[in-house]
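To start, the structure itself, in structure tokens.
Since the model is a prediction, treat every value here as computed from it, not as a measurement. Order of the sequence lines fixes the chain letters, A, B, ..., with proteins taken first and strands second; residue numbering starts at 1 for each chain.
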Amino acid sequence: MDYTFFQHYWWFLVSLLGALLVFLLFVQGGQSLIYSLGKKETELRLLLDSLGKKWELTFTTLVTFGGAFFASFPLFYSTSFGGAYWVWILLLLTFVIQAVSFEYIFKQGNLYGQKTFKTFLFLNGLLSPILIGAAVSTFFYGAEFVVEKGNLTSGLKPIISSWTTQWHGLEAVWGSTDSFHLNNVVLGLAVFFLARCLACLYFINNIDNAEISNKSRKQLLINAIGFLITFLYYLVRLLFKDGWREDSITGIISVKSCVYWENFMQMPVVTAIFLIGVVLVLYGFIRTYFCTGFKKGIWYSGIGSVLAVLALLLIAGWNGTAYYPSLADTQSSLTLTNSSSSPVTLKAMSIVSLFIPFVLAYIWYVWRKMDKKS
Amino acid sequence: MNADVTLIDWSRAQFALTAMYHWLFVPLTLGLGVIMAIMESIYYKTGKEKWKRTAKFWMKLFGINFAIGVATGIILEFEFGTNWSNYSWFVGDIFGAPLAIEGIIAFFMEATFIAVMYFGWNKVSKGFHLSSTWLVVIGATISALWILVANAWMQNPVGMTFNPDTVRNEMTDFWALISPFAVDKFCHTVISSWLVGSAFVVGVSAYFLLKKRETEFALDSIRIAVITGTLGIVLSVITGDSSGHLIAQKQPMKLAAMEGLYDGSKGAGLTAIGILNPAKEPNDDNEAFLLDIKIPKMLSFLANRDFESFVPGVNDLINGYTKNDGTIELSTQEKMNRGKLAITALSDYSKAKEAKDETALVDAQKRLDDNFPYFGYGYFDSPEDAVPNVPLTFYAFRIMVCLAGYFFVLFIFVWIVNHRRKFEKMTWLQWVCLLSIPLAYITSQAGWIVAEVGRQPWAIQDILPVQAAVSDISASSVKTTFIIFAVLLTALFIAEVSIMVKQIKLGPAVEDELHK
């Protein structure tokens, strides 16, 4: 197992964590539905009680995703986080207000009242999927930054990664600069609709309440349509757009046409994962909507969304593709080879990563045990 | 170096603000966690329902505190990237690994088992529930382990080498990260948190005694808490002593600041009481103290385990001195010169590599290797840049030590009177316990001020000063986010205190409405 293997292995792990995060955003999707599904106090409590038992998993997956990215590809961490400052700070703020809201909303002594924390939960549910989707989209559509490691020897400004716009990340979704892409917003919306669909499926599965189930099914239809429109639009654009690819010998990065289509063609296993994922997502949606007694849609669509997102992230970084293209300087684009940690670090962390299946299996076992008696 | 001082200061202020808020909640999580787990263990062993009730009450408060601790913790992880991007690349290869391991193992452990702890009372067996409670505590402690390993590494960078090709430090030995420095930091931080948890439990229990409610519950809680707290303080003194010894070896400037020591000496005394001279600057003729009482030779002993050894002061560290082993410690100016040589060598290395000039490459590499231990000094403008804020470090250290001593006496006293069944009637002492809760937090915060202010200006000791660690963002952006964080965290802190107070007033008899 050489350095290249570990770089690809860690991109796989980061992608898997990202995919799990997207699936677990059903918590956020559920939060964004509290005004639609939880109009009565009892319904609201049922919804939040159900989500309240899962929000930490989403939160910790986000933390782990960030930590794993930092450890395995620190140049991305330093470039994107330091550059797209406002996007990450906004995302951070929405998660900070979420974390306390679940614990405080129904507590006596709640100084700001239920409405405040309900609004916090809604804001997190509304904004975080869109922000995460838009941020992931920049893996394909790029951002405006320059990486110059020689700057460390500059007496004036020894900073390696610089953002070339004053918008510091907001240009990904809004602004008049080159990297203003409707596509980033579209993927953000696709993730938002997906999160809401998954939330509907989760409520149908987890809450034994006919009214909530019925309302969830209606919401499922609306949001599934929204998801399909935005996702298909994004997918078609993605398959035929230019991408940034690194020459494996010279390390020179150049812009090529239809890179992501090529990646799917050259990595049939990834393509199969993607297609299976999409089919599972749709199967979960369709069967749940049409068969009122069917409650396991969350498992089909959940696993499907993990597989589909995993495949999308794999085509962003594998096969010599620059996973974080620079629109300001092509050679500054980040690839697995120029942005990863050292072999020793990747190897050490790989050993630790072997614990992940056991941790996940144990989480599954514990929740099964708990849910059996709920 | 022409650094943007405003950006650096706002970045430091924001990190300090968010870290201090985070540290308001973490020590209670660590300390209260141990106490409630002990209570549940007693319930498991004796089967007495009162212990279950007691444990559940403290768990309720634990949960309120835990949520905001988690919320504030994620900010710090993000800030390494958002505000210290240069740092993230320069040492991310080493620093990122403990952070990732923390996420993979510890956070998931907490996230899973905390749910069992709250929702699993009638769903899993008593033994499984108890295991989950302990695993929450262990998970929280392991979280602390890895972040403290990372923090200790910043103060004592080991197990890595600088790679001029990638322009960063790279890990060579993972296990070296768990250095004596890291082990000591972990033990001292975690165990000292027991003080906060214990002071909280004792204070809240005293409130019930003052209100003449839940007497048995309160006295039981106090019994567990004072033992935990006293043990915590004793172990903290041992780890604190070891910490002081290690600081003397690895961060002598921090020790000098902690002691307000400007001119070092053999057989140096430990300042027991002191008022610093505000006019004092390095290398001037002013006296360091307006008033001081020293314990003769004690500082030398604590620093080097030798009453007659030499302990350097701020001036010695700036001007250079002869160490106890006879070797010469360079002056800061000389270190700055060598740091600049290292930076120039790195620049030359890159040029030689581009020009494919093998001879120049080897020469640059040699110059870089020879001078790299002083790399960070190359970013200084003057030797005084290497001196941290002496008064803040000096007074914070004394506040920490004095308050820890105060709590030791308080816990022992409460332990004795409670054992003799007199505490219930000692209203004044109950008031003292209640009013002492904030002091425990001040103790804990003061400890971190010593650790973090005392190591300034270094992000990574000797290798990367804060001015070379920041992100390329505007000072106004950071100023804005500082204000946002200040407002938000203060509002959330007020919310937390308000809910906590209400829950305490309701007492153990009231079940939580949602999470029952």
If you count heavy-atom pairs under 4.5 Å between each of [options] and chain B, which one has the most?
{"options": "A:N151, A:I97, A:N110, A:V344", "value": "A:V344"}
{"options": "A:F59, A:F95, A:W163", "value": "A:F59"}
{"options": "A:S342, A:A99, A:A348, A:P74", "value": "A:S342"}
{"options": "A:A71, A:S78, A:A84", "value": "A:S78"}
{"options": "A:L62, A:I89, A:L91, A:L92", "value": "A:L92"}
{"options": "A:V100, A:T79, A:T116", "value": "A:V100"}

Query raised in the report: Could you walk me through whether A:S161 and B:W89 pass the side-chain contact (heavy atoms from CB on, under 4.5 Å) check?
Result: CA-CA 9 Å; A:S161 301; B:W89 171 249; over 6 Å; no

Contact origin within [X] toward chain B - heavy atom pairs under 4.5 Å:
{"X": "A:S340", "result": "backbone"}
{"X": "A:L346", "result": "neither"}
{"X": "A:S80", "result": "neither"}

Side chain, backbone, both or neither: which part of [X] has a heavy atom under 4.5 Å from chain A?
{"X": "B:T172", "answer": "backbone"}
{"X": "B:F375", "answer": "side chain"}
{"X": "B:L488", "answer": "side chain"}
{"X": "B:F90", "answer": "side chain"}
{"X": "B:V470", "answer": "both"}
{"X": "B:S477", "answer": "both"}
{"X": "B:E496", "answer": "both"}
{"X": "B:A342", "answer": "neither"}

Counting C-beta onward and ignoring hydrogens, is there a side-chain heavy-atom pair between [X] and [Y] closer than 4.5 Å?
{"X": "A:Y104", "Y": "B:L492", "answer": "no"}
{"X": "B:I64", "Y": "A:K107", "answer": "yes"}
{"X": "A:V96", "Y": "B:F78", "answer": "no"}
{"X": "A:L111", "Y": "B:I499", "answer": "no"}
{"X": "A:W88", "Y": "B:E79", "answer": "no"}

What's the shortest heavy-atom distance between [X] and [Y], and which atoms?
{"X": "A:F70", "Y": "B:G92", "answer": "CE1-CA, 3.8 Å"}
{"X": "A:Y85", "Y": "B:V478", "answer": "OH-CA, 3.9 Å"}
{"X": "B:G81", "Y": "A:F81", "answer": "C-CB, 3.4 Å"}
{"X": "A:W55", "Y": "B:V70", "answer": "CH2-CG1, 4.5 Å"}

[X] [atom1] to [Y] [atom2] distance, which is reported to the nearest 0.5 Å:
{"X": "B:I473", "Y": "A:S162", "atom1": "CD1", "atom2": "OG", "result": "11.5 Å"}
{"X": "B:L346", "Y": "A:K149", "atom1": "CG", "atom2": "NZ", "result": "11.5 Å"}
{"X": "B:N65", "Y": "A:E103", "atom1": "CG", "atom2": "CD", "result": "10.0 Å"}
{"X": "A:L152", "Y": "B:N86", "atom1": "CG", "atom2": "CG", "result": "6.0 Å"}
{"X": "B:F174", "Y": "A:K347", "atom1": "CZ", "atom2": "NZ", "result": "14.0 Å"}
{"X": "B:S474", "Y": "A:H168", "atom1": "OG", "atom2": "NE2", "result": "6.0 Å"}

Please check if the side chain of [X] supplies one atom and the backbone of [Y] the other of a donor-acceptor pair under 3.5 Å.
{"X": "B:N83", "Y": "A:G82", "answer": "no"}
{"X": "B:S347", "Y": "A:T153", "answer": "no"}
{"X": "A:Y77", "Y": "B:T82", "answer": "no"}

**Report entry** Contacts of type salt bridge (Lys or Arg N to Asp or Glu O under 4.0 Å), residue B:K353, not counting sequence neighbours
**Finding:** B:D165

Report summary line: The salt bridge (Lys or Arg N to Asp or Glu O under 4.0 Å) partners of B:E77 (sequence neighbours excluded) come to none

Query raised in the report: Does CD in A:E41 sit with more than 12 non-hydrogen atoms of other residues, nucleotides or ligands closer than 6.0 Å?
Result: yes

Query raised in the report: Do other residues, nucleotides or ligands put more than 12 heavy atoms under 6.0 Å from A:K118 NZ?
Result: yes

Report task. Please determine, among B:S471, B:A71, B:A67, B:S132, the option with the most heavy-atom pairs under 4.5 Å with chain A. Result -> B:A71

Report summary line: Ranked by heavy-atom pairs below 4.5 Å to chain A, first place among B:R168, B:K351, B:M500 goes to B:R168

Query raised in the report: Step by step, would you call A:T345 with B:I94 a side-chain contact (heavy atoms from CB on, under 4.5 Å)?
Result: CA-CA 7 Å; A:T345 296; B:I94 304 118; 5.6 Å; no

Query raised in the report: So B:D472 and A:I160, side-chain contact (heavy atoms from CB on, under 4.5 Å) or not? Walk me through it.
Result: CA-CA 9 Å; B:D472 183 24; A:I160 288 168; over 6 Å; no

